[in-house]
Amino acid sequence: MTLEEKQKGWNDYLEHPDTNGLMYDHPEQRGKVVLENELCFFLQDEESDVLQGSGMIIPKNYRPTLFDLTLEDFIATHDLLQKVKVYLDETLKPDGYCVGWNVLPVGGQHVPQAHLHVIPRFADEPYAGHGIRYWLKQKDNLRSSKRMQQ
C-alpha cells in the first residue's frame, strides 16, 4: 500500500467514522477482544499466521493518535499491557517482545484510532534480534542530505 493510499484511507475514516474498525462500538472487526479494563481493549487477530499472538491495545474512547491520549488512557494502557504480557507469557512463552505506536499515515498508522502494538517475538524467527527500528535503519530509508540540513 502506498503512502497516498494510506492517507486516503485515513481521510475516509475521518469522513466516515462509522467504518473505523477500531472504534469502541465494534472493535471485534479488527480481532478478538482477549482482555480489557475500564478504558482499553486488547485485541488479537486470530487469523494472522505471520505474527502469532500479536495484538493491539486500543482506548475505548476515541483518540486519533497517541498524542491525543489522556493521562487516564496512558495509565489504563500500561495496566492492560502488564496483563497482556502475563497472558502471552503463559499462553505462548515468547522469547521477547516488540511494543510500539505508529502515529499518522507517514508513521505507519493506517486507522485514526490510537493503538499500541504488542508483538511476541521468538528466537527461531528469521528476524529474531531485529527490533522495531530495524527497517527504519536500512540505508535505503535514510533521508537525503538536503533534508538533513534543514
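Numbers for residues simply follow the sequence, beginning at 1.
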Q: Report the residue from Q82, E90, K83 that forms a side-chain contact (heavy atoms from CB on, under 4.5 Å) with V86.
A: E90
Q) When you look at NE2 of H78, are more than 12 heavy atoms from neighbouring residues, nucleotides or ligands closer to it than 6.0 Å? A) no
Q: Measure the shortest side-chain to side-chain distance between F41 and P59 over non-hydrogen atoms and say whether it is less than 4.5 angstrom.
A: no
Q) Are V118 and S54 side-chain neighbours, meaning at least one heavy-atom pair lies under 4.5 Å? A) no
Q | OG1-CD distance between T77 and E72, expressed to the nearest 0.5 angstrom | A | 11.0 Å
Q | Side chains of Q109 and H115 in contact at under 4.5 Å (non-hydrogen atoms) | A | yes
Q | Side-chain donor/acceptor of D73 to backbone N/O of T70, under 3.5 Å | A | yes
**Q.** Nearest heavy atoms of G53 and L92, plus distance in Å
**A.** CA-CD1, 3.5 Å
Q) Could you state the interatomic distance from CG (D68) to CG (N61), rounded to the nearest 0.5 Å? A) 12.0 Å
Q | Check: E36 side chain, F42 main-chain N or O, donor-acceptor pair, under 3.5 Å | A | no
Q | Six-ring centre of Y97, K85 cation under 6.0 angstrom, axis tolerance 45° | A | no
(Q) Taking the side chain as everything from C-beta on, heavy atoms only, tell me whether H117 gets closer than 4.5 Å to V99. (A) no
Q. How many angstroms lie between CG in L39 and CG in N37, if you round to the nearest 0.5 Å?
A. 6.0 Å
**Q.** Carboxylate-amine/guanidinium contact E38 K60, below 4.0 Å
**A.** no
(Q) Using a 3.5 Å distance criterion without hydrogens, assess whether the side chain of Y62 forms a donor-acceptor pair with backbone atoms of P112. (A) yes
Q: Inspect the contact between K8 and D12 and indicate whether a charged nitrogen and a carboxylate oxygen are less than 4.0 angstrom apart.
A: yes
Q | No-hydrogen, no-angle side-chain donor-acceptor test under 3.5 Å, E15 and N11 | A | no
Q: Please tell me if the side chains of D95 and R121 come closer than 4.5 Å, counting only heavy atoms from C-beta onward.
A: no
Q) Atom CG in L69, atom CD1 in I75: separation rounded to 0.5 Å? A) 11.5 Å
(Q) Which heavy atom of C40 sits nearest to which heavy atom of I57, and what is that distance? (A) CB-CG2, 3.9 Å
Q.
With rounding to the nearest 0.5 angstrom, report the NE2 to CD distance, H110 to Q7.
A. 11.0 Å
Q | Closest non-hydrogen atom pair between F122 and P120, with its separation | A | CE1-O, 3.8 Å
Q: Would you mind reporting whether I119 and M56 have side-chain heavy atoms less than 4.5 Å apart?
A: no
Q.
Any non-hydrogen side-chain atom of L43 less than 4.5 Å from a side-chain atom of V34?
A. no
Q.
Is any side-chain heavy atom of K93 closer than 4.5 Å to one of L88?
A. no
Q.
Applying side-chain contact (heavy atoms from CB on, under 4.5 Å) to F74 and L66, what does each step give before you reach the verdict?
A. CA-CA 9 Å; F74 271 110; L66 157 69; 3.6 Å; yes
